[in-house]
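Starting from 1, each residue takes its place in the sequence as its number.
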Amino acid sequence: MAEVSPVEIEQFQQSAEELQKKVSNKIRYLQTLLNAVQAHDDRLIYQLIDGENYSHQIMQAKHGTADAGNERLLNDVTAQISQYLSINLLSYLKETYPFFYFQQTGLGNYQFFFGNWWDRRLFGTLDILKVAFEFDEIEYQKLKRAFELEQENKRLNSDQIAVISQQTDQLQALINSQAERDQQKEKIRQQLKQLAQEKVLPWEASKIRENKQQLVSQLSELTDQDEKAQKAYKLIRESQKDVLKLSKEDTLIGYEKQSIVAKFGSFENFEARNKSLYRDYIADLIATKGRVKIENE
């Protein structure tokens, strides 16, 4: 074996010390996490798994002190961590948002519905590690728009229902005017028959052709209206279904609005609470020192 130089020996010792330090640091990190789990210290677990977020929101530090390398050690157990943390978090959320109903879809994964009434809406998923709602953007914007329309004394689908209702009235009028159209068509046919039987002088031929063309156009238009009237029954039934669907949606959103106002007073307060949810929950964990009593501790 070749002789090792003093410089190489020094480099080896420095590398060994640095490696020991890093490994020890990771061991301490995992041991601290293990102790937190055993002590049911969810607050500390949140700090350990996402130090950057914790520093920013709780300590209000501009620069976090998190070690991303240590946190990556947990990549293969995030589902288990999420499942563990869900116990306390769901207990807290059910009190804070009594109108949200949570459903587990996998290990550590939850979706939530708005309300427990018939045909309730799937409203999004829950990020347990971030303590944040991931709202279905379409459904959320419907609710937000419904609150905005209150100032105009409207519901979410008021304008759309009004347009459909107007179209339905026009279709119904087309159906109701069938007898009148039949009379007009018969009158035009008689006029066309009369023109066909009359003797036409050469200098009147052009005018007669023009009159005949106008009558034919009128008859064609009335026939088109007849065809539309025949289809109108089906269109009216479809429109009635659309109006019923939109009205039901307005009713459900009305329930949602009432639930939010009853708990938070306004939609603005609801949004503000959503934004501060992480801070509020950590504060609750600090104040209660854990919300769930674990048996056989």
Side-chain angles (χ1 to χ4, degrees), residues 42 45-46 49-50 53 56-57 78-161 164 241-285 291-292:
D42 287 11
I45 294 174
Y46 275 108
I49 64 175
D50 192 354
N53 191 33
H56 175 67
Q57 295 207 48
T78 53
Q80 288 79 5
I81 294 174
S82 181
Q83 183 67 33
Y84 167 82
L85 292 173
S86 69
I87 304 301
N88 273 334
L89 179 58
L90 289 177
S91 175
Y92 175 80
L93 292 177
K94 289 174 183 178
E95 294 178 7
T96 309
Y97 300 84
F99 42 78
F100 283 163
Y101 289 80
F102 299 88
Q103 181 182 75
Q104 187 166 7
T105 58
L107 185 65
N109 294 323
Y110 288 83
Q111 62 185 10
F112 61 98
F113 296 83
F114 200 126
N116 61 348
W117 42 77
W118 174 82
D119 207 22
R120 61 186 181 172
R121 293 194 293 165
L122 177 62
F123 220 62
T125 58
L126 174 64
D127 188 332
I128 294 174
L129 302 184
K130 294 291 185 183
V131 190
F133 294 120
E134 295 180 351
F135 292 105
D136 181 301
E137 190 62 22
I138 294 176
E139 301 300 337
Y140 188 85
Q141 289 302 321
K142 285 181 180 179
L143 179 59
K144 184 175 183 178
R145 180 59 178 159
F147 272 99
E148 294 171 348
L149 287 171
E150 279 187 345
Q151 299 179 358
E152 303 176 33
N153 197 29
K154 290 182 179 180
R155 298 198 295 179
L156 177 65
N157 297 312
S158 294
D159 290 343
Q160 192 172 353
I161 290 175
I164 295 175
K241 291 180 181 179
D242 291 340
V243 168
L244 180 60
K245 181 179 179 180
L246 293 171
S247 296
K248 286 182 177 178
E249 183 176 54
D250 280 340
T251 299
L252 293 177
I253 292 178
Y255 292 155
E256 294 171 1
K257 290 169 58 183
Q258 291 173 9
S259 299
I260 287 176
V261 171
K263 181 62 179 181
F264 296 102
S266 69
F267 187 72
E268 290 74 17
N269 291 341
F270 169 69
E271 288 193 304
R273 189 60 184 271
N274 297 338
K275 292 179 181 178
S276 66
L277 181 56
Y278 183 91
R279 296 192 303 274
D280 294 342
Y281 180 55
I282 297 299
D284 181 80
L285 288 176
R291 300 169 58 85
V292 177

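- Panel note: side chain Ser276, backbone Arg279; no donor-acceptor pair is recorded below 3.5 Å.
- The shortest non-hydrogen separation linking Ser82 to Gly108 is OG-O, 2.7 Å.
- Taking the side-chain hydrogen bond (donor to acceptor under 3.5 Å, both in side chains) definition, one finds that Asp242 meets it with nothing, sequence neighbours left out.
- Applying the salt bridge (Lys or Arg N to Asp or Glu O under 4.0 Å) rule to Arg120 yields no partners; only residues at least two apart in sequence or on another chain are considered.
- Applying the salt bridge (charged side-chain N to carboxylate O under 4.0 Å, His left out) test to pairs two or more places apart or on separate chains, those with a residue in residues 251-263 are Arg121-Glu256, Glu150-Lys257.
- Side-chain N or O atoms of Ser91 include none that pairs as donor or acceptor with a backbone N or O of Ile87 at under 3.5 Å.
- Considering only residues two or more places apart in sequence or on other chains, Asn157 meets the side-chain hydrogen bond (donor to acceptor under 3.5 Å, both in side chains) condition with Glu249, Asp250.
- Judged by distance alone, with hydrogens and angles left aside, the side-chain atoms of Asp50 form no donor-acceptor pair with the main-chain N or O of Tyr46 at under 3.5 Å.
- Across Tyr281 and Leu89, no two heavy atoms sit closer than the pair OH-N, 3.1 Å.
- Across all their heavy atoms, Glu139 and Leu122 have their closest contact at CG-O, 3.8 Å.
- Each of Phe133, Tyr92, Phe123, Phe102 was evaluated against Tyr97; a single residue qualifies, Phe133, per the ring pair (Phe, Tyr, Trp, His ring centres under 6.0 Å) test.
- A distance of 10.0 Å separates CG of Asp280 from CG of Asn274, quoted to the nearest 0.5 Å.
- Looking at heavy atoms from C-beta onward, Val261 lies out of side-chain contact with Gln258 at the 4.5 angstrom threshold.
- Of all heavy-atom pairs spanning Asp136 and Ile138, the tightest one is OD1-N, 3.1 Å.
- Considering only heavy atoms from C-beta on, Leu126 stays 4.5 Å or farther from Phe100 through its side chain.
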Which pairs of donor and acceptor atoms, one on a side chain in residues 110-117, lie under 3.5 Å apart (sequence neighbours left out)?
residue, atom, partner, partner atom, Å
Tyr110, OH, Gln104, OE1, 3.3
Gln111, NE2, Gln103, OE1, 2.5
Asn116, ND2, Tyr101, OH, 3.4

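- Of the possible donor and acceptor atoms, one in the side chain of Ser259 sits under 3.5 Å from a partner among the backbone N and O of Tyr255.
- Partners of Lys154 according to the side-chain hydrogen bond (donor to acceptor under 3.5 Å, both in side chains) rule, which considers only residues two or more places apart in sequence or in another chain, are Asp159.
- With contacts defined as side-chain heavy-atom distances shorter than 4.5 Å, the pair Leu93/Leu277 qualifies.
- A distance of 10.5 Å separates CZ of Arg273 from CG of Asn269, quoted to the nearest 0.5 Å.
- Looking only at side-chain heavy atoms (C-beta outward), Lys130 and Tyr278 stay at 4.5 Å or farther from each other.
- Within the 4.5 Å cutoff, side-chain heavy atoms of Ile164 are placed close to those of Leu246.
- Scanning both residues, Ser247 and Ile161, for their nearest heavy atoms gives OG-CD1, 3.7 Å.
- Inter-residue side-chain proximity for Tyr140 and Glu271 is flagged as met; some heavy-atom pair is nearer than 4.5 Å.
- Of the possible donor and acceptor atoms, one in the side chain of Ser86 sits under 3.5 Å from a partner among the backbone N and O of Gln83.
- No donor-acceptor contact under 3.5 angstrom links the side chains of Thr105 and Asn109, judged on distance only.
- Closest non-hydrogen pair, Ile253 versus Ala146, comes out as CG2-CB, 3.5 Å.
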